[in-house]
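Following: one structure in structure tokens, then a few remarks.
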Amino acid sequence: MSRVSIPDIYEAYEDGEPLTMLTAYDAPIARQVDAGGVDMILVGDSAGHNHHGYDDTLPLTLEEALSNTAAVDRAVENAMVIGDLPFLTYGTSLEESVENAGRFIKEAGADAVKLETAPGGETTIEIVDRLTELGVPVQGHVGLTPQRLRQIGGGYVQGRGHDSSATVDALVETAERLADAGVFSLVLEAVTEETGKRVTEAVDVPTIGIGAGRYVDGQVLVTTDLLGLGGESYRLSKQYADLDATIHDAVEEYVTDVRNGNFPTRENAYDPID
Ligand code: KIV
């Protein structure tokens, strides 16, 4: 069976079927996320804090992101795999941006790449234009763009129009320009519900919200948050499991079993001698 393609995404979008996307950074989680039936798997740069233990997304290197994407690629059969370009692996020059994005497709097996765009971000709009002309499918990302965290000063909701929050108009215009440049879909992160609705009405590509309210074409969540696996509890998210507690209990039980002599047993031994 071949993976979800861009025409498949458009077919669902045109039929009004909500699109689903989740993150994965390694093979075991990717395998389960894929089996659960999502349309797209994002190998997010949120791996920076959720997988590699950095404070945020910024330190994630190109090589780490490529390695995560390749692991996900090896595990996924059905969903579209999207590699997220880390901070400053694009935008420094057009040549370097194209080369680095190309490595996600050629070396890591991604089906598409994602990159973040600041309100009015000329540089990244030009990169999207070049990549899509060359045949690299690109997913855009506007609203809260965590790679600009130092500049914005925190995880502020966008679309409120104050110092650390772009105006709705600026976000709508940026989204329109990204759609014109050729993105096949657009992530909207932490924006007011009005922003989510207006962007969705303004563009003719599917919008995928995370904290963008109800009036968008699809949803994405960070899987570690959804699973309760070292994730955090955010208003924009929903926790469907408590894997931290499950893992903690399993490890405690193992430690107790070994200390009490309950593991290993005769059944666990090769050629037991008594
Ligand atoms: O890196 C990531 O996980 C993301 C999602 C929040 C969309 O960009």
Side-chain angles (χ1 to χ4, degrees), residues 9 18-26 29-30 33 38-62 64-69 71-72 79-91 101 104 108 110-118 121 124 128 138-149 152 154-158 171 175 178 183-191 195-196 199-200 205-213 216-227 229-239:
I9 297 286
L19 292 158
T20 54
M21 181 161 94
L22 283 174
T23 60
Y25 317 122
D26 61 26
I29 296 285
V33 168
V38 295
D39 300 303
M40 292 168 274
I41 296 181
L42 172 67
V43 192
D45 66 350
S46 52
H49 44 288
N50 291 325
H51 188 64
H52 294 279
Y54 298 128
D55 286 342
D56 49 41
T57 63
L58 303 190
L60 186 74
T61 66
L62 178 62
E64 286 166 339
L66 286 167
S67 166
N68 297 341
T69 306
V72 169
M80 174 186 287
V81 174
I82 304 173
D84 203 7
L85 303 188
F87 181 53
L88 297 186
T89 63
Y90 60 103
F104 281 83
D111 303 305
V113 298
K114 175 171 89 57
L115 54 81
E116 297 183 5
T117 294
T124 48
V128 170
V138 184
Q139 181 172 68
H141 181 158
V142 299
L144 180 66
T145 45
Q147 293 178 6
R148 292 172 56 243
L149 220 54
I152 303 165
Y156 297 107
V157 173
Q158 300 296 301
L171 293 166
L178 280 168
V183 294
F184 74 92
S185 63
L186 199 52
V187 169
L188 294 179
E189 179 168 356
V191 295
T195 308
V199 169
T200 301
V205 296
T207 52
I208 315 293
I210 173 161
V216 291
D217 301 307
Q219 297 293 328
V220 51
L221 283 182
V222 171
T223 300
T224 45
D225 296 339
L226 173 147
L227 294 178
L229 180 61
E232 289 185 47
S233 168
Y234 298 105
R235 181 188 175 120
L236 60 76
S237 194
K238 183 168 174 186
Q239 189 180 324

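Remember, it's 1-based here, ligands and their atoms both numbered in the order they're listed.
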Residue among V43, V113, L42, I82 satisfying side chain to side chain contact (heavy atoms under 4.5 Å, CB included) with T69: V43
All side-chain hydrogen bond (donor to acceptor under 3.5 Å, both in side chains) counterparts of T61, not counting sequence neighbours: E64
Donor + acceptor pair across side chains of D84, H141 (<3.5 Å): no
H141 touching ligand 1 at heavy-atom level, < 4.0 angstrom: yes
Region of D45 that comes within reach of ligand 1 [heavy atoms, distance under 4.0 Å]: both
Proximal atoms of ligand 1 relative to T23 (non-hydrogen, under 4.0 Å): 3 (O)
Proximal atoms of ligand 1 relative to D84 (non-hydrogen, under 4.0 Å): 1 (O), 8 (O)
Atom 8 (O) of ligand 1 - nearest protein heavy atom and its distance: K114 NZ, 3.1 Å
Side-chain donor-acceptor contact under 3.5 Å, S46 with Y25: yes
Residue, atom name and distance, where the atom is the protein heavy atom closest to atom 2 (C) of ligand 1: S46 OG, 3.2 Å
Nearest neighbour in protein (non-hydrogen) for atom 7 (C) of ligand 1: L42 CD2, 3.7 Å
Trace of the side-chain contact (heavy atoms from CB on, under 4.5 Å) decision for V191 with V157: CA-CA 5 Å; V191 295; V157 173; 5.5 Å; no
Rounded distance (nearest 0.5 Å) linking atom CG of L221 with atom OG1 of T20: 10.5 Å
T57 and ligand 1 - part of the residue with a heavy-atom distance under 4.0 Å: neither
